[in-house]
Undergrad: 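Can you read through this structure? Questions will come right after.
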Amino acid sequence: MLDSKNLRENIDTISSNLKKRKFILDKSKFLSIDKDRKEIIVDTENLKNKRNVLSKEIGILKSKNEDAGSILKKVEEINNTLDLKQGLLENAETQYNNFLLDIPNILDDSVPIGNSDKDNKVIKYSNDKNLEILNKNSNFKDHSDIGKSLKLYDQEIAAKISSSRFSLLFGELASLHRAVAQFMINEHINHNGYTEVNVPLIVNSDSLLGTGQLPKFKDDLFEIKNKKDFFLIPTAEVPLTNIFRDIVLLEDDLPVKYTSLSSCFRSEAGSYGKDTKGLIRQHQFEKVELVNGVNPSTSDESLELLVNSAEKILDLLNLPYRKILLCSGDTGFSSSKTYDLEVWMPSQNSYREVSSCSNFKDFQSRRLNAKYKNKISKKKQFIHTLNGSGLAVGRTLAAIIENFQNNNGDIEIPEILRPYMNNSKIIKKSS
RNA sequence: GGAGAGGUGGCUGAGUGGUCGAAAGCGGCACCCUGCUAAGGUGUUAUACGGGUAACUGUAUCGAGGGUUCGAAUCCCUCUCUCUCCGCCA
């Protein structure tokens, strides 16, 4: 949510900024909504003031045992008009709030202008030497076929147990999955300054409103039916970021950096027929999430650090990937600037997103009411929040399987993961 | 799941219908004192939004939402969270 004061005072600048992401701000509508609301507020406040003054007089008269009849009548009149105004006020407030909630975040100046993902800017390609080796593999298969032929992956049984878009991993592939997750979160804890948090996987609607999944993106969520106001988390961003909701941090405590390995649940409504094979698009998947609450003066640097932490995982796994700066048209609603990391998926001959790192500035913290106390001004100010995946575990596993497959269908275990796999080097078909 | 108790300012804790945004203490801040010295004194100290150059001033907020009333921290209803006991349980 944008700062309404800022919007009022800089409406032209903000409007042209939002235009970059194809959002047309109805300036005159905002100004009139804003003005109407204010007039009604001033109006009702004045009436309330009158009532308060008169009520006090009544109290004084009554304590002296004097008659307060005439004043009572006046107050009654005031209350009647106040009742009428109340409806108007509520109406004006809803209009005002809805208008503000529908406005996306202001884009950072460094975000390239563009319409779609085609206009995203590639910052760099990494580890691309693997690419050549892979292209020479004549028996090349996708990760789900490799898993199946090793008898370590099954989607059909998962469909029986649950439904489509679920998977079962067996044996060493299950272990490898766990190893990937362990490795990732350990990196962030041990080398990137993160505090591990174990979070609730079920959250209430307030939390989802705070991070922006609600009200706009309800269809993407799993809602728990028999328990009202319960949802499965689509990402650990929700519980982690909501740690900051309604609290005031000390400036010296910033930045606060939390990480969590959690399951994530997404309904994937509207993606029928897309990525039906394999681990790419599942209703349930694991992800290591990184969340920062920072001093507003340092959030630009924090975003770079955050994306570097995620990149390092791919580097250490020696997976080919590219780093992308999303263009104005592709940057998410709440984000002011977003980097994506995309890992090379040879079977699809394309790069697939494994991480998305965003700086929300004060857009989320305003909704969350997440503040810190400024040491100099002693004022409470909104923190800046950031988050990023570090990384999506299932997709990373798929990328490992595909990029580290051998001609004979075995999977080589990336060196950095071997300590997590009893030092074995390879996953072979058991005969 | 059953029974009970309770949610008041940074903290502790008064306040059961009327000059209560809220006593007192602690803590914080400012100044003063400097032979009561790991002390003493005085003052000050919530947040959000609005009006005013400013002094100042208005409205709202005592877990949340609704209700009663001219007037609610205080009465009624619903919800929620915490604590204690019992049951169940990984």
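Residue numbering restarts at 1 for every chain, and letters A, B, ... go by the order of the sequence lines.
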Undergrad: Rounded to whole angstrom, note down the P distance from B:C29 over to B:U78.
TA: 46 Å

Undergrad: Ignoring hydrogens and angles, state whether a donor on the side chain of A:Asp220 or A:Ser267 is under 3.5 Å from an acceptor on the partner side chain.
TA: no

Undergrad: Say you pick atom P in B:U42 and the same atom in B:U19; how far apart are they, in whole Å?
TA: 28 Å

Undergrad: What does B:G6 pair with, Watson-Crick or G-U, if both distances are under 3.5 Å?
TA: B:C81

Undergrad: Search all heavy atoms of A:Lys85 against all heavy atoms of A:Ile40 and return the closest pair with its distance.
TA: O-CG2, 4.3 Å

Undergrad: So how far is it from A:Leu314 CG to A:Thr396 OG1, rounded to the nearest 0.5 Å?
TA: 6.5 Å

Undergrad: How far apart are the closest heavy atoms of A:Asp119 and A:Cys327, and which atoms are they?
TA: O-CB, 3.5 Å

Undergrad: Searching all strands shown, indicate the nucleotide that pairs with B:A54 (Watson-Crick or G-U wobble; both distances under 3.5 Å).
TA: none

Undergrad: Is there a Watson-Crick or G-U wobble partner for B:A14 with both distances under 3.5 Å, and if so, which one is it?
TA: none

Undergrad: Against A:Cys357, only a single residue in A:Asn292, A:Asn308, A:Val307 fulfils side chain to side chain contact (heavy atoms under 4.5 Å, CB included); can you say which?
TA: A:Val307

Undergrad: Just the rounded figure in Å: distance from C1' of B:U80 to CG of A:Asp229.
TA: 11 Å

Undergrad: Quote, to the nearest angstrom, the C1' distance that separates B:U74 from B:U8.
TA: 11 Å

Undergrad: If the P atom of B:U57 is compared with that of B:G21, how far apart are they to the nearest Å?
TA: 14 Å

Undergrad: With rounding to the nearest 0.5 Å, note down the distance linking CD1 in A:Ile78 to OG in A:Ser55.
TA: 8.5 Å

Undergrad: Will you find, in the side chains of A:Glu286 and A:Ser263, an N or O donor that is under 3.5 Å from an N or O acceptor?
TA: yes

Undergrad: Can you see which heavy atom on A:Ser328 is nearest to which on A:Ile113, and at what distance?
TA: OG-CA, 3.4 Å

Undergrad: Would you sort out whether A:Lys425 and A:Glu412 count as a salt bridge (charged side-chain N to carboxylate O under 4.0 Å, His left out), showing the intermediate values?
TA: CA-CA 6 Å; A:Lys425 295 180 179 157; A:Glu412 199 185 312; over 6 Å; no

Undergrad: Mind checking the C1' distance from B:U34 to B:A73? Whole angstroms is fine.
TA: 44 Å

Undergrad: Partner lookup for B:U61, please. Criteria are Watson-Crick or G-U wobble with both distances under 3.5 angstrom; report none if nothing qualifies.
TA: B:A46

Undergrad: Are A:Phe222 and A:His283 an aromatic pair, judged by ring center distance below 6.0 Å?
TA: yes

Undergrad: By side chain to side chain donor-acceptor pair (under 3.5 Å), which residues pair with A:Ser335, not counting sequence neighbours?
TA: A:Thr338

Undergrad: Sugar-phosphate atoms are those with a prime plus P, OP1 and OP2; base atoms are the rest. Using that split, label each nucleotide of nucleotides 46-63 of chain B B, S or - for protein heavy atoms under 4.0 Å, 5' to 3'.
TA: -S--SS------BBS---

Undergrad: Between B:C79 and B:G7, how many Å separate the two C1' atoms, rounded to a whole number?
TA: 14 Å

Undergrad: Using purine N1 to pyrimidine N3 plus N6-O4 or O6-N4 for Watson-Crick, or N1-O2 and O6-N3 for G-U wobble, each under 3.5 Å, what pairs with B:U74?
TA: none

Undergrad: Assign each of A:Ile60 and A:Leu72 to its nearest nucleotide of RNA chain B by heavy atoms, then name whichever residue's nucleotide is nearer the 5' end.
TA: A:Ile60

Undergrad: B:C81 P sits how many Å from A:Arg245 CZ, rounded?
TA: 13 Å

Undergrad: Can you tell me the base-pairing partner of B:U19? Count Watson-Crick or G-U wobble geometry only, both distances below 3.5 Å, and say none if there is no partner.
TA: none

Undergrad: A:Asp83 has an atom CG; how far is it from atom C1' of B:C70, in whole Å?
TA: 13 Å

Undergrad: Using a strict heavy-atom distance below 4.0 Å, which residues from residues 73-82 of chain A are in contact with RNA chain B?
TA: A:Val75, A:Asn79

Undergrad: Now, which nucleotide makes the Watson-Crick or G-U wobble pair with B:U34, with each of the two distances under 3.5 Å?
TA: none

Undergrad: Distance between the P atoms of B:G9 and B:A14, in whole angstroms?
TA: 13 Å

Undergrad: Say you pick atom P in B:G18 and the same atom in B:G71; how far apart are they, in whole Å?
TA: 14 Å

Undergrad: What is the base-pairing partner of B:G87, counting Watson-Crick and G-U wobble geometry with both distances under 3.5 Å?
TA: none

Undergrad: Just how far, in rounded Å, is P of B:U19 from CG of A:Leu61?
TA: 15 Å

